[in-house]
S.K.: 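The structure that follows is given in the form of structure tokens.
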Amino acid sequence: MSQDLAYAARLLLDAQRIMVFTGAGISTESGIPDFRGTDGIWTKLSPEDFMIDRYVSDRTVRTRAWATRFPKMFGDAQPNGAHEAVVDLWKAGKLIGCVTQNIDGLHQAAGLPQDQIAELHGNSDGIACLRCGAPHDPAEIEQRWVDGDVDPQCDHCGGILKSTIVFFGEVLPHSEIERANHWAAQADAVIAVGSSLSVYPAAYIPLEIASRGDTFVIINNGPTDLDTVASIRLEGMAATLLPQLVGAITA
Ligand code: NAD
């Protein structure tokens with residue numbers, strides 16, 4: 001165990017209400033690219049395609065979005081050791097909740113109950129109408145898309161359909177932000193894993209805990225925007241470091 005990891009474990013040893021805050025970097029070892037890393041999504045797709053104004057106004061953008069969503073947005077990606085370590089922390093009774101910016105569902109796939117997760121940026125499971133809000137069955141919409149409907153409309157009002165991923169310019173889901181804020185108010189430590197900590201308002205969540213003087217551990221491959229306020233920063237891969245850290249504080 002490195003000196004930094006041992007120090008992080010010492011800081012967390014007495015914590016009983018640890019928040020885990022995750023970003024796209026926790027899922028890269030499951031084969032899902034992040035946004036800003038060297039193989040990140042921004043090296044292949046334009047961020048503008050994820051802006052709600054463009055999605056609403058431009059049919060070509062919607063057509064591209066559906067072609068990304070179907071047949072499977074994340075292929076056959078499976079949870080890795082870092083997702084499993086979050087479950088271990090929960091089983092040890094030390095997790096207050098996991099706040100994620102991810103939309104891939106891998107925390108749930110690893111076995112973390114839905115009520116332990118706040119999905120700040122939505123998820124890729126659902127599809128809803130932007131006008132009337134009606135949810136639509138993804139399997140049914142996929143069938144329509146397979147049959148050649150490249151820009152499916154709402155069954156009820158004819159409005160634009162969109163996956164329940166939060167696009168740039170959309171408000172965050174109220175219930176999720178409320179749960180994340182509730183946990184942030186009660187947490188006695190936070191571990192941020194695989195996030196550049198550069199996307200707001202999400203990054204306010206770990207920042208609030210750190211600002212109170214509670215322990216803030218960052219695990220990331222590369223720098224983050226909040227490195228200067230961290231209690232300790234562990235440089236490296238999430239699926240290696242998080243299991244080691246969780247193992248050290250739950251043994
Ligand atoms: P980001 O791309 O800004 O930052 C990810 C960070 O993780 C980078 O600093 C990168 O160097 C680091 N990293 C990559 N692989 C790592 C690994 N194996 N171990 C440790 N660190 C690793 O991502 P973010 O901070 O989550 O930005 C937020 C946005 O990314 C959110 O809006 C989120 O919805 C979106 N996003 C999610 C997914 C997903 O659900 N898996 C994928 C791409 C983007």
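All ligand and atom numbering here is 1-based and tracks the order in the structure.
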S.K.: Around Phe167, counting heavy atoms of other residues, nucleotides and ligands shown, do more than 12 lie under 6.0 Å from its CZ?
M.R.: yes
S.K.: Only heavy atoms count here, so choose which of Ala24, Ser198, Ser30, Ala202 is nearest to atom 23 (O) of ligand 1.
M.R.: Ala24
S.K.: Can you find a non-hydrogen atom of Gly236 under 4.0 Å from ligand 1?
M.R.: yes
S.K.: Of the choices Ala238, Gly31, Ala239, which has the non-hydrogen atom that lies closest to atom 19 (N) of ligand 1?
M.R.: Ala238
S.K.: Sort and list the pairs that fulfil salt bridge (Lys or Arg N to Asp or Glu O under 4.0 Å) and have at least one residue in residues 91-102, not counting sequence neighbours.
M.R.: none
S.K.: Which ligand 1 atoms does Gly194 reach within 4.0 Å, using its non-hydrogen atoms?
M.R.: 5 (C), 6 (C), 7 (O), 21 (N)
S.K.: Applying side-chain hydrogen bond (donor to acceptor under 3.5 Å, both in side chains), which residue pairs with at least one partner in residues 235-251 are found, sequence neighbours left out?
M.R.: Arg233-Glu235
S.K.: Applying a strict 4.0 Å limit to heavy atoms, is Gly222 in contact with ligand 1?
M.R.: no
S.K.: Does one hydrophobic cluster hold both Leu95 and Ile219, with members joined at side-chain heavy-atom distances below 4.5 Å?
M.R.: yes
S.K.: Looking at Glu29, which atoms of ligand 1 are within less than 4.0 Å of one of its heavy atoms?
M.R.: 17 (C), 18 (N), 19 (N)
S.K.: Heavy-atom pairs closer than 4.0 Å: do any link ligand 1 to the side chain of Thr28, the backbone, both, or neither?
M.R.: side chain
S.K.: When only distance counts, is Ile219 in polar contact with ligand 1, meaning an N/O pair under 3.5 Å?
M.R.: no
S.K.: Side-chain contact, heavy-atom cut-off 4.5 Å: Thr68 with Phe50?
M.R.: no
S.K.: Between Arg144 and Asp155, does any NZ, NE, NH1 or NH2 come within less than 4.0 Å of an OD or OE carboxylate oxygen?
M.R.: yes
S.K.: Quick one: does ligand 1 sit under 4.0 Å from the side chain of Val199, the backbone, both or neither, non-hydrogen atoms only?
M.R.: side chain
S.K.: So which atom in Ser163 and which in Trp66 form the shortest heavy-atom distance, rounded to 0.1 Å?
M.R.: N-CH2, 4.0 Å
S.K.: Where is the tightest heavy-atom contact between Cys132 and His156, given as atom of each residue plus distance?
M.R.: SG-CB, 4.4 Å
S.K.: Under 4.0 Å, heavy atoms only, figure out whether ligand 1 is touched by the backbone of Asn221, its side chain, both or neither.
M.R.: both
S.K.: Which ligand 1 atoms, with their elements, are less than 4.0 angstrom from a heavy-atom of Ile32?
M.R.: 41 (N)
S.K.: Can you tell me if Gln3 has over 12 outside heavy atoms packed within less than 6.0 Å of its CD?
M.R.: no
S.K.: I need the minimum non-hydrogen distance between Asp188 and Ile18, along with the two atoms involved.
M.R.: OD1-N, 3.9 Å
S.K.: Taking only non-hydrogen atoms of Pro33, do any sit less than 4.0 angstrom from ligand 1?
M.R.: yes
S.K.: Identify, by atom number and element, the atoms of ligand 1 in contact range of Gly25, meaning under 4.0 Å from any of its heavy atoms.
M.R.: 5 (C), 7 (O), 13 (N), 14 (C), 15 (N), 16 (C), 17 (C), 18 (N), 19 (N), 22 (C)
S.K.: Quick one: look at His121 and ligand 1, take heavy-atom pairs under 4.0 Å, and tell me if it's side chain, backbone, both or neither.
M.R.: side chain
S.K.: Atoms of ligand 1 less than 4.0 Å from Gly23 heavy atoms?
M.R.: 26 (O)
